[in-house]
Amino acid sequence: MAMIQCISPVDGSVYAERAALSLDAAKDVVARARKAQKAWAKRPLEERVQLVLKGAARLNEMSDVVVPELGWQMGRPVKYGGEYKGFNERSNYVASIAADALAPVVVEESDRFERRIEREAHGVVFVVAPWNYPYMTAINTIAPALMAGNTVVLKHASQTLLVGERLVQAFTEAGVPEDVFQNVFLDHETTLALIAAGSFNFVNFTGSVEGGRSMERAAAGTFTGLGLELGGKDPGYVMEDADLEAAVDTLMDGATYNSGQCCCGIERIYVHESLYDAFVEKSVAWVSNYKLGNPLDPETSLGPMAHKRFAKVVREQIADAISKGAKALVDPKLFPQDDGGAYLAPQILVDVDHSMAFMREETFGPAVGIMKVKSDEEALALMNDSQYGLTASLWTRDAERAGRLGREIETGTVFMNRADYLDPALCWTGVKETGRGGSLSIIGFHNLTRPKSFHLKKVTA
């Protein structure tokens, strides 16, 4: 029997392990989900919404367990208190719009005809969730999918092996029927075999580009809907009229928070030449204030990366950039805890360009490159010189300019004077190799349901 392990970045130990389900056992889970779905969808919408909110509330009551578990599994410092702020904001928002988002579009209601488009649940939704924000990314799909009348099967990344169990425990204890929301432990082969067999009506995957490609290949010919949120290399652009202090504070936080392991983290920054020197100087000072260490220590503000192999990629990208002329500005002596393994010091590179993998490939670590630009045109060309497109962060006092530039940027979300945030009222979506589809907002509900048209001609005497 294959075992799936979580190797803790805290000390390299096996923190948790679970047996992977066989294909037959996994098919049984899907069969139970399918059998439970029709009755779940027949329940009043408000009842489903309230049960999901109760599940979210129950998870909040488990913070004493959940927060240290996150520290052990993926290294986030306990100081930050888990993911409850975003988790609750998203759950509450989708609950508030569910009735409107799922309401029929009534075209005609007369003595002769009823014509309308209703939203019908897909059926069984498969959520394949990542380790970097394991609760928030999962709830983006779980909450609206359940509210809309789908049943959900959840598979979590091995790095956050216990998160699916915790979510299902919370929701089941809150009254969501067991077969309506189930957690599974699966290896990649079984996961892809289930998708290839057309087991699910919709699959939402957050992870690597290669993972997304393998999902698409598995789903080929089944016509299963896929939502894919994959890689990112999100840019920031600081214009000459930016609020410098706010830009440094937000962009450095966006580049390094969660050890840089954010889908929409800031990975490259372009600064107008008039502010460049000051921006770089203030950014180095900002990043140098981190306290790298054990995430279970309440003083720690920067924990280890989730796995030493992720840290290895960051170190290799930095070394490659330096060999091509880049300069590292953060003094490594400030971070004696950097052990060459999962514990990695933050870093800022200058004298970088797009010939370096560090400015083109996803880094997903607490390191960022800063380049000087002369104009909007130059910044725009650099921002678009990427195979990814999730978010772009623009710093200016001119909203019209940001809007105009934003329309030219190949991205899913345009921010002005903020970064690294997910607004549940807006569609979370990406372009190019970042993927396709969209979660949250009214559009998220529409992606988790299908339209069904009713054209009812009434018999007249």
Side-chain angles (χ1 to χ4, degrees), residues 2-9 14-22 25-26 29-30 33 52 55-56 58-59 62 65-76 82-84 86-87 90-91 124-143 145-146 150-172 176 178 180-195 199-200 202-208 210-212 214-215 218 226-230 258 261-263 305-307 310 364 439:
M3 300 299 286
I4 298 174
Q5 292 186 328
C6 165
I7 308 294
S8 174
V14 176
Y15 179 65
E17 61 181 345
R18 295 289 186 270
L21 291 180
S22 67
V29 169
V30 176
V52 170
R58 178 72 191 102
L59 189 79
M62 293 156 61
V65 179
V66 163
V67 173
E69 263 181 5
L70 276 175
W72 278 106
Q73 289 174 98
M74 52 74 67
R76 185 178 308 119
E83 299 172 19
Y84 286 108
F87 181 90
R90 297 170 194 192
S91 306
V124 182
V125 171
F126 186 38
V127 178
V128 183
W131 52 263
N132 64 322
Y133 281 95
Y135 286 98
M136 289 202 292
T137 50
I139 204 65
N140 290 353
T141 304
I142 292 166
L146 290 174
N150 299 284
T151 50
V152 171
V153 176
L154 171 64
K155 174 205 168 310
H156 241 291
S158 58
Q159 197 65 52
T160 42
L161 199 58
L162 305 182
V163 170
E165 278 187 344
R166 289 287 174 223
L167 279 163
V168 167
Q169 177 194 343
F171 278 56
T172 305
V176 173
E178 283 186 7
V180 166
F181 182 27
Q182 299 176 79
N183 177 60
V184 290
F185 300 106
L186 301 175
D187 60 25
H188 293 324
E189 194 181 326
T190 307
T191 300
L192 297 177
L194 287 170
I195 293 170
S199 307
F200 307 106
F202 189 83
V203 176
N204 196 89
F205 171 71
T206 306
S208 69
E210 276 314 305
S214 64
M215 295 263 174
L226 291 178
L228 303 171
E229 198 223 297
L230 312 174
N258 206 39
Q261 299 166 134
C262 306
C263 307
M305 292 193 65
H307 197 285
F310 305 145
F364 222 60
S439 62

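When reading the values below, keep in mind they use all heavy atoms of this one structure, side chains included, and skip hydrogens, waters and symmetry mates.
Summarising the geometry, atom CD1 belonging to I139 is positioned 11.0 Å from atom CD belonging to E83; distances are rounded to the nearest 0.5 Å. Atom-to-atom distance recorded for T172:OG1 and F181:CZ is 7.5 Å, nearest 0.5 angstrom. Atom CG of N132 and atom CE of M305 lie 10.5 Å apart (nearest 0.5 Å). For the atom pair CZ of F205 and OG1 of T137, the computed distance is 11.0 Å after rounding to the nearest 0.5 Å. Taking NE2 of H156 as the start and CD1 of I4 as the end, the distance is 13.0 Å to the nearest 0.5 Å. Rounding to the nearest 0.5 angstrom, the gap separating the CE atom in M215 from the CG atom in L228 is 8.0 Å.
Using modelled atom types, no side-chain atom of S199 and backbone atom of I195 make a donor-acceptor pair closer than 3.5 Å. Panel note: side chain Q159, backbone I7; a donor-acceptor pair is recorded below 3.5 Å. A donor-acceptor contact shorter than 3.5 Å is absent between the side chain of Q5 and the backbone of S158.
The shortest heavy-atom contact between L154 and G164 is CD2-CA, 3.6 Å. Of all heavy-atom pairs spanning A56 and S91, the tightest one is CB-OG, 4.0 Å. Shown here for L70 and R76, the closest heavy-atom pair between the two residues is CD1-NH1, 3.6 Å. For G211 against S208, the heavy-atom pair with the smallest separation is N-OG, 2.9 Å. Taking each heavy atom of F364 and W131 in turn, the nearest pair found is CE2-CH2, 3.7 Å.
The shortest side-chain heavy-atom distance between H307 and P9 does not fall under the 4.5 Å cut-off. Looking only at side-chain heavy atoms (C-beta outward), V180 and F171 stay at 4.5 Å or farther from each other. With a 4.5 Å cut-off on side-chain heavy atoms, E229 and S439 do not count as touching. Contact of the R18 side chain with the L162 side chain is registered, since non-hydrogen atoms from C-beta on lie closer than 4.5 Å. Under the 4.5 Å side-chain criterion, counting only non-hydrogen atoms from C-beta, T151 is not in contact with V125. The side-chain heavy atoms of L167 and N183, taken from C-beta on, include no pair separated by under 4.5 Å. Taking the side chain as every heavy atom from C-beta outward, F310 and M74 never approach each other to under 4.5 Å.
Under the 30°/60° scheme for interplanar angles, the aromatic rings of F126 and F200 are found to lie parallel.
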Inset, instruction - Show your working on side-chain contact (heavy atoms from CB on, under 4.5 Å) between Y15 and L161 and close with a plain yes or no. - result: CA-CA 9 Å; Y15 179 65; L161 199 58; over 6 Å; no
Legend entry - Derivation of the side-chain contact (heavy atoms from CB on, under 4.5 Å) call for L59 and V66: CA-CA 8 Å; L59 189 79; V66 163; 4.2 Å; yes
Legend entry - Check against side-chain contact (heavy atoms from CB on, under 4.5 Å), L186 and L194: CA-CA 10 Å; L186 301 175; L194 287 170; 3.8 Å; yes
Inset, instruction - Kindly determine whether E69 and T160 satisfy side-chain contact (heavy atoms from CB on, under 4.5 Å), including the steps that lead there. - result: CA-CA 9 Å; E69 263 181 5; T160 42; over 6 Å; no
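Annotation for E178: atom CD does not count as buried by contact number, only 12 or fewer foreign heavy atoms lying within 6.0 Å.
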